[in-house]
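Data first, discussion second: the structure below is written as structure tokens.
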Amino acid sequence: DGGITQSPKYLFRKEGQNVTLSCEQNLNHDAMYWYRQDPGQGLRLIYYSQIVNDFQKGDIAEGYSVSREKKESFPLTVTSAQKNPTAFYLCASSILLQETQYFGPGTRLLVL
Amino acid sequence: AQSVTQLDSQVPVFEEAPVELRCNYSSSVSVYLFWYVQYPNQGLQLLLKYLSGSTLVKGINGFEAEFNKSQTSFHLRKPSVHISDTAEYFCAVTGGGTYKYIFGTGTRLKVLA
């Protein structure tokens with residue numbers, strides 16, 4: 001059964017701590033994306049990757065980092081430099097960069 | 001630059017009544033348009049998309065949308081809603097050679113018994 005999985009569902013971060021959100025897909029999609037969702041603001045693009053070992057900054061990349069070592073995986077690290085990390089984070093993938101995007105179930109990040 | 005406007009932040013409607021969720025976009029190039037639905041604490045699910053061809057697009061769960069180029073709109077409609085349609089709905093636009101999806105701020109549909 002193909003799809004996108006994100007873990008964990010909820011994540012708690014302490015001040016000054018880096019945390020990593022997992023995103024895995026078995027759809028054989030080349031392109032993957034990370035979005036941040038805040039109430040009333042829609043979705044904003046953090047990073048995207050169109051191929052293994054390559055990724056680009058989106059609109060709000062400051063305080064975040066990513067890697068793309070495998071086609072199936074695109075983890076997002078929220079660093080201590082991100083001062084307002086509380087949000088719902090969504091991972092998406094598409095066959096190619098300009099194709100229809102499909103979304104994972106999301107991870108809610110909360111600050112302790 | 002492309003942009004998307006969803007004028008209604010909330011739309012209450014009684015069960016079995018029709019509903020229209022409005023989406024207007026601005027773009028100087030050909031566009032692709034999408035509607036996604038999001039249930040509480042879940043990801044976005046694709047309802048329907050317009051890429052080219054017929055301007056009336058049918059999607060899942062009985063929803064449909066009409067692409068109107070002259071009015072730069074892509075309104076979502078359903079003739080008879082169910083309680084289970086209560087969710088947030090997002091319109092998105094891309095196109096013109098760009099990979100970027102531009103999302104609207106969402107419309108929260110609340111179906112009342």
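The figures here come from the full heavy-atom set of this structure, side chains too, leaving out hydrogens, waters and symmetry mates. Every chain is numbered from 1 and lettered A, B, ... according to where its sequence line falls, protein lines coming before strand lines.
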If you count heavy-atom pairs under 4.5 Å between each of A/Leu90, A/Thr100, A/Leu45 and chain B, which one has the most? A/Thr100
So what's closer than 4.5 Å to chain A heavy atoms on B/Leu44: side chain, backbone, both or neither? both
A/Tyr10 versus chain B, the contacting section by heavy-atom distance below 4.5 Å: side chain
Given a strict heavy-atom distance threshold of 4.5 Å, which part of B/Tyr36 is in contact with chain A: side chain, backbone, both, or neither? side chain
Please tell me whether A/Leu27 and A/Ile51 are part of a single hydrophobic cluster in this structure, the criterion being side-chain heavy atoms less than 4.5 Å apart. no
Report yes if some heavy atom in the side chain of A/Asp59 is under 4.5 Å from a heavy atom in the side chain of B/Lys100; otherwise report no. yes
In terms of hydrophobic clustering (I, L, V, M, F, W, Y; side-chain heavy atoms under 4.5 Å; direct or indirect links), are A/Phe74 and A/Phe103 co-clustered? no
Contact list (residues 49-87 of chain B to chain A, heavy-atom gap under 4.5 Å, by number) returns B/Lys49
Does B/Val11 share a hydrophobic cluster with B/Val37, counting links as ILVMFWY side-chain heavy atoms below 4.5 Å and allowing steps through other members? yes
Report, in residue-number order, which members of residues 101-113 of chain B are under 4.5 Å from chain A by heavy-atom distance. B/Tyr101, B/Phe103, B/Gly104, B/Thr105
Cluster question for you: counting only ILVMFWY and a side-chain heavy-atom cut-off of under 4.5 Å, with indirect links fine, are A/Tyr33 and A/Phe88 together? yes
Looking only at heavy atoms, the pair that brings B/Phe90 and A/Gln37 closest together is CZ-NE2, 3.2 Å
Please answer: with hydrophobic residues joined when any side-chain heavy atoms are less than 4.5 Å apart, are A/Ile60 and A/Leu43 in the same cluster? no
Which atoms of B/Gln38 approach chain A - backbone, side chain, both or neither, heavy atom under 4.5 Å: side chain
